[in-house]
Every structure is written in structure tokens, then in C-alpha cells.
Amino acid sequence: MYDEQKKYPNDQVLPLMMRAMVMDAPGQPLVLKELPLPKPSAKQVLVKIIACGVCRTDLQIMDSELVHPKMPLIPGHEIVGIVAALGSETSKMKKGDLVGIPWLGYTCGHCRYCLKDQENLCENALFTGYTIDGGYAEYTVAFEDYCFLLPIQYGNASGAPLMCAGLIGYRSYRMIAPDTQNLGIYGFGAAAHVLIQLALHQGKKVYAFTRDGDVAAQGFAKKLGAAWAGDSTATPPEPMDSSIIFAPVGSLIPKALKDVGKGGRVICGGIHMSDIPAFPYKLLWEERMVKSVANVTRKDGDEFIELAAQVPVRTAYRVFPLHEANEALAALRNGLIEGAAVLVM
């Protein structure tokens with residue numbers, strides 16, 4: 001665990017090389033390589049990585065469901081680490097600071113979305129572990145303005161899932177109907193197991209929908225306080241006021257619409273989803289709403305990290321050493337992870 005009293009020494013001699021798991025081609029296993037230590041540009045910091053979460057988005061990049069990644073690529077966008085060196089034009093951070101690095105790695109600040117305070121939709125954005133190298137490595141560089149200072153309690157593997165699963169869950173949660181009492185969650189994985197803690201903290205009832213027959217995930221949801229847990233095809237005991245879909249399954253949208261009451265909202269929290277089948281208009285009628293979530297803003301991150309520390313949010317995770325990144329990805333793909341998978345360096 002990160003120790004505030006033992007911050008990264010200012011006189012620490014940095015290595016010339018580092019280990020990293022690299023994607024050389026989509027659809028192929030990651031390869032362990034020795035690479036030169038990256039150097040921060042003027043507005044970047046060099047971060048010595050403590051842990052990096054393994055996200056379903058990483059699988060979607062490797063499977064070419066998300067196209068045009070940087071190649072070769074070091075994946076990973078749920079990073080917790082310690083600032084080890086500073087760019088010449090940095091001013092907010094210092095060596096030894098504990099930081100988190102999320103998916104949103106850079107925005108231009110001048111496109112029409114940035115000017116409308118919608119930086120998550122920036123036309124020139126860069127994304128950690130997708131269009132810029134990420135955290136499946138011992139070190140990485142990141143733009144100072146897109147790193148978050150973290151509370152000491154998250155200076156370990158437990159903090160890594162907060163940087164994507166937690167953040168995207170929080171942005172999705174902000175979009176539900178304001179008067180929501182019954183909240184449905186479809187896909188009870190890393191994001192859901194963080195979000196349920198926020199929802200229960202705020203007095204909501206959570207209904208967990210899992211893969212059909214996934215009694216382990218249903219038991220996990222109940223252990224965390226879900227009022228009900230069952231198959232995604234099952235009818236819940238009462239209508240939902242809002243639902244959030246984390247599973248990348250397009251057929252869940254009409255199912256979730258069927259499960260919400262009048263004026264209900266269905267929020268799609270994933271970056272990729274399979275095709276949505278045709279459904280009758282009556283499922284959408286009576287002012288029901290379907291809304292997608294695209295990335296997060298830095299404001300989302302600041303709010304969520306403060307709230308997570310207050311709750312406090314505790315993550316469930318399974319640790320893998322860096323060189324077992326392929327095994328971690330396989331376990332995630334096969335539904336064998338309770339909570340989140342995290343690589344430790």
C-alpha cells in the first residue's frame with residue numbers, strides 16, 4: 001500500500017528500462033517486453049505504477065470492437081501510481097504524489113464540445129490505453145491536468161477499479177431519474193459492485209440482473225445489499241424507476257424498457273454494445289428514455305473520488321502479476337472475476 005510518509009524520493013534514480021505488456025496486433029495475446037522508460041513531455045508527469053485494473057474495454061480494443069488503436073499499444077486505463085518525475089511546464093503535482101489515471105487522457109479545449117463544457121465528447125480527445133499508452137507497465141506518462149490526486153486509502157490495488165468502473169458507474173448514476181428509488185443494474189461486474197455501494201448509501205433499492213444462471217454473480221450482488229438478484233431475462237418483483245446497463249448486450253435495452261415504469265430511464269453505461277433488436281414503440285412510450293454514456297469528465301472524477309472516500313467505497317478484486325495480463329483478460333472474458341481484475345507491478 002502507498003505510504004504517505006514514504007513518498008517517492010526526490011533523489012530516486014530512475015531505471016532506463018521498464019517491463020510492459022504490449023499489444024502488437026489485434027486479436028493476439030499481449031507480449032511481455034522490456035522498453036525504454038518513457039519521458040514526460042512539458043505538461044506530463046511520469047508515474048511509477050502501483051496497480052492497473054483490467055477492463056472489458058481492454059478486451060474490446062483487442063477484439064477490434066473498438067477500432068484504430070495506437071499500435072503497438074500498452075493497454076490499461078485504470079491506473080494508480082506515484083509521480084516519479086515532472087515535465088518542465090507542470091505546476092499542480094509534485095514527486096511522490098499518489099495519483100489515478102483514467103480513460104480520458106487529453107482534450108483539446110477548443111472544439112465545439114470542449115467550449116460547451118462537454119469535454120467527454122471532445123473531437124480531438126486521447127484515451128489512455130487506447131490512443132496513448134496505458135498502465136499494463138511499470139511506468140507510464142500522463143498529462144498532469146488529467147490525473148487525479150487520490151486519498152491514501154486507495155494507494156493500492158483497491159483503488160484501480162475506481163478509475164474506470166467507478167467513474168463510468170458514477171456518470172451513469174448521475175443520469176438516472178432524480179426521484180429513482182428502485183434502481184436496476186444489468187451486468188453485475190466491476191462497475192456495478194462499486195455503484196451499488198453509492199446507491200445504497202443514498203437510500204435506493206438495487207435490483208441486480210445477471211447472465212442467465214449466474215448464481216455466483218447473483219449471490220455477490222445480494223451479499224453487497226441488492227434487494228433482488230436474478231437472470232436478465234427474469235421479471236423483477238416490482239417496476240424499476242431507472243436502470244443502468246453495463247453488459248455489452250443490445251438486447252437488454254428493450255428488456256430494460258419493459259422493466260421500467262412510466263417516465264423511467266434506461267442508461268447505457270458501456271462504450272460498446274451489440275446491435276439493438278427492433279422493439280415495439282409501446283416500450284418507449286409514456287416518456288421512457290434511453291440514454292448512452294460517453295467517457296467521463298474531470299468534474300465527474302473529482303466528485304466521485306470525494307464521494308467514494310466518504311462512503312467509503314470498498315472494491316472487490318483479484319490480483320494478477322503484470323506478466324499474467326493475458327490470464328487476467330481471459331478470466332474477465334469468461335466471467336470468472338468477482339468484482340474486478342487488477343494487475344500489480
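This structure is a prediction, so every number in the text was calculated from the model and none was measured.
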Could you tell me whether Asp117 atom CG has more than 12 heavy atoms of other residues or ligands within 6.0 Å of it? no
Is it the case that atom NZ in Lys116 sees more than 12 heavy atoms from other parts of the structure closer than 6.0 Å? yes
Tell me whether [X] is salt-bridged to [Y], with the criterion being a basic N under 4.0 Å from an acidic carboxylate O.
X: Asp259; Y: Arg288; value: no
X: Glu287; Y: Lys262; value: no
X: Asp97; Y: Lys94; value: yes
X: Glu138; Y: Arg19; value: yes
X: Arg211; Y: Asp231; value: no

For residues 28-37, run the donor-acceptor check on the side chains, cut-off 3.5 Å, and write out each pair with its distance to 0.1 Å, sequence neighbours left out.
from: Lys33; atom 1: NZ; to: Asp24; atom 2: OD1; distance (Å): 2.9
from: Lys33; atom 1: NZ; to: Asp24; atom 2: OD2; distance (Å): 3.1

Does a side chain donor of either [X] or [Y] reach within less than 3.5 Å of an acceptor in the other side chain?
X: Glu119; Y: Asn295; answer: no
X: Ser158; Y: Asn156; answer: yes
X: Glu303; Y: Tyr170; answer: yes
X: Tyr113; Y: Asn120; answer: no
X: Tyr207; Y: Glu238; answer: yes
X: Thr107; Y: Tyr146; answer: yes

Mind checking whether His77 and Trp103 have parallel, tilted or perpendicular rings, split at 30° and 60°? perpendicular
Nearest 0.5 Å, please: how far is [atom2] in [Y] from [atom1] in [X]?
X: Ile79; Y: Phe148; atom1: CD1; atom2: CZ; result: 12.5 Å
X: Thr128; Y: Ile101; atom1: OG1; atom2: CD1; result: 7.0 Å
X: Met21; Y: Glu324; atom1: CE; atom2: CD; result: 9.5 Å
X: Thr90; Y: Leu46; atom1: OG1; atom2: CG; result: 11.5 Å

Is any side-chain heavy atom of Leu86 closer than 4.5 Å to a side-chain heavy atom of Pro40? no
Residues 243-250 side chain polar contacts: donor-acceptor under 3.5 Å, at least two apart:
none

Could you tabulate the donor-acceptor pairs under 3.5 Å formed by side-chain atoms of residues 172-179, not counting sequence neighbours?
from: Ser172; atom 1: OG; to: Ile168; atom 2: O; distance (Å): 2.8
from: Tyr173; atom 1: OH; to: Gln202; atom 2: OE1; distance (Å): 2.7
from: Arg174; atom 1: NH1; to: Asp300; atom 2: OD1; distance (Å): 2.5

